[in-house]
Amino acid sequence: MTEVLSHIAPRRVALIGNPNVGKTTVFNLLTGLRQKVGNYPGVTVEKKTGRMAGDLPVEIIDLPGSYSLSPKSMDERIAYDVLSGHLAGEPPPDVVVCIVDASNLERNLYLVSQVIDLGIPTIVALNMMDAAESAGLSIDLAVLNERLGVPVIPITASRNEGIGKLKYEIRRTDLAFPPERAWQLMPAVEVEMPALIEVLSKEAPKVPVRQRFIEVLQCLTSDSMLDYWTTWAPGFQREVQQVRKKLEAQKVPFQQAEVIGRYGWISPLVAGVVSRKKEVGSASVSDRIDRVLTHRIFGPLLFALLLLLIFQAVFSWATPAMDVIEEGVVGLGALIRGALPTNMLTDLVVDGIIAGVGNVVVFLPQILLLFFFLGLMEDTGYMARSAFIMDRLMSRVGLGGGSVVPLLSSFACAIPGIMAARTLANPKDRLITIMVAPLMSCSARLPVYTLFIAAFLPTGKVLGLITFQGLAMFSMYLLGTVMAFIASLVLKKVVFKGESSFFAMELPPYRLPRFKQIFWRMIDRSKAFVIRAGKIIFGMSIILWALARFPSTDLDPAIVSARLEVETTYSNSVDRLVQEGVDPVLAVQQTDEAMHSDFKQIEALEAGYRIEHSFIGMLGHSLEPVMRPLGFDWKISAGIVSAFAAREVIISALATIYSVGDADENSPLLREKLKADTYPNGDPVYTPLVAVSLLVFFVLALQCMSTLAIAKRETNTWKWPAVMWLYMTGLAYLFSLAIYQGGTALGWG
Amino acid sequence: MSPIQVPRPLTSFSAGVMVHLAFFSLGVAESQRLRELGVREGNLIHVLKNDDTFVCAVESSRIALRKEVAMNVFATLSAV
């Protein structure tokens, strides 16, 4: 151990540790507020970095929680790739700090031994010393330090104890490289290693000497790790495959060689440094809490109550803030429209840019609230329990228990729901959850349901108890949920077939939440949404504005003369009042009030004409032949196209097309106009059957560009959002077609 | 001298007993994950819950297993 580091330049320090060992708390204590959150290149795993204050500039990288460096999840793969320098643009760290749970030394040292084998200067931060003491464990730090051959710093991060010493060790420029491997593989595997290391060093000489052993070992046991060398060292790859075949033929359990070898070294080491004062098996406080929270009856009940609270918060508590944002956006638009001349640029600023920003910011209250609750669940340790409680039920539809929270959050909005799927460790479960989350009826569908159910469905009661309309509303939610479950089952059986059902997870001890940490996590996630998904939503808002605004067309002569007539009446009215001796200002005011609705009507007529002749109107007309079998005319089709901005936009789009002006889902005038609309042959455009067909279309179709944007952001490709849009639109079309054609055949049209 | 015990699935032990893990009847990746979680052959495990779900204690960690997973982990009753 004579090699000594002599860094003066900024050093990169990676924090690694098992999940739930207090790694994030240590990261926060080391970096304070000097943190940055981004993504690792090419993947959606969050990259958290921060600066440690002091004379020597130190960058701290918070790696995802990992049980080992043999990657099973995307998070663990990233941890290994960062440490080994496999990730482009990410040089390996100068120092690694392993955060270890002192009360669970044996399992945690498995990861430590892998990190040590990488040959990077390593510090072990023995966290939760208080918990170890309460559990009756006593650790001989001097002996542990000596056996591991790397500095061991006892800390209790929750009380900020030992952090000063840890900072001192991190800053040390004479930090030694860790000792050579002290454990052995089973002989049949060990004997193969030198030749494989030799082949690797010839083909990939840049791999540091100390790192070669672990690289070879990873390739021997993992296909995905071996795939990495396809381009870099194909000869090495072939050699490893041959050795694997040979070991298989000899019936050598080489895939277990690492676990057996490492634990063969770790177990006696731990036995030599840890002494236990309490009996094994005594129930902890967490065990006692779990007797209630994971109870077979009370557990799901309490979880349902908690979900109700979260659902209520995201659904209702966010509404006032969302209303304020919406009003603010409208107000700002009106202010700017008043200040700027009436032209296309003003339209672009108000209806395109400001509305586009509004479309992004309006989701923030829901996202902040959802991530507050998710943070609370994660921080207290309840998140793991919720996944555990719901696992049995969710496994029947091809998902794990962890998918419950993202799916239920999607009832409020698919965007926070899709983002919440980040908590799922299994990438396939996460992808399926993202793919089916938009089928849950979000709050944006509610205005559409309200308008069409109130306008076209009967008001009577079923068995004198539940109204038909209430039942219809419930059916919409039920249909979405059932379809989400069916879709996940199909995806699991067809797209991700062959995946075995596996659920094994650690239930961390319950802890008091750290609100500061939760607050910063909320801010980080919201920033990620506004910056990344916001760009796409904003861009799409401008495109939709342009489609509704262009091409500029001359108004119909009848509308022009109607406006002229209203304006002439207005002038005559003002003149008459002035002649009668009314003050001119008062005359204008009185006439404004009297003729306000006339002007509104003309403006609505003009807007209706313009949208009919816009690209969206044209699209509506050209889609009509495809949509007619579903019972939709060009106006509904144009409404559906406009609703791609956000589902509820169909209400304002239909209000514009029907020249109703400002109308919402409760507008009686809009309902009457819809009911009164007929085809040239006198048949009504809207019947209860058309309404049901349209409702079902909205339950199943992916009419939301923001959802597509966030799905792209979370999956890091347009492939899955495209598949999502296609399968949901296909489902919507087929269901609406079956309902309308079936209903018509049965004479319900 | 006590008779040699035949390993049984974890789900056949009641809550409260201590068992020694014998072997896994799972795939390589699944077995590997369990070992990384500390559930590995030879370890002493405390069965905490065994009804419709399964929870055990390994040292100070609490590990939840899907019933189907626990059924494929074999152990013998410990004298501890």
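Remember, it's a predicted structure, so these values are computed and weren't measured experimentally. By convention in this document, chain letters (A, B, ...) are assigned in the order of the sequence lines, proteins followed by strands, and residues within each chain are numbered from 1.
- With a 4.5 angstrom heavy-atom cutoff, A/Ser267 touches chain B only via side-chain atoms.
- In summary, the side chains of B/Gln32 and B/Arg35 do present a donor paired with an acceptor at a separation below 3.5 Å, with no hydrogens or angles considered.
- Contact annotation: the side chain of A/Glu506 approaches that of A/Arg107 to within less than 4.5 Å [non-hydrogen atoms, C-beta and beyond].
- Contact of A/Ser70 with chain B is made through backbone and side chain together, with heavy-atom distances under 4.5 Å.
- Considering only heavy atoms from C-beta on, B/Phe24 comes within 4.5 Å of B/Val39 through its side chain.
- For chain A, no part of B/Ala57 is nearby; none of its heavy atoms comes within less than 4.5 Å.
- Comparing B/Thr53, B/Val28, B/Asp52, B/Leu37 by how many heavy-atom pairs each has under 4.5 Å with chain A, the most go to B/Leu37.
- Proximity to chain B is limited to the backbone of A/Leu105, based on heavy atoms less than 4.5 angstrom apart.
- Remark: A/Arg244 is not positioned above the aromatic ring of A/Phe254, lacking an NZ or CZ atom under 6.0 angstrom from the ring centre and at most 45 degrees off the axis.
- Residues B/Glu59 and A/Glu106 approach most closely at OE2-CB, 3.1 Å, considering heavy atoms.
- Only the side chain of A/Glu76 comes within contact range of chain B, with heavy atoms under 4.5 Å apart.
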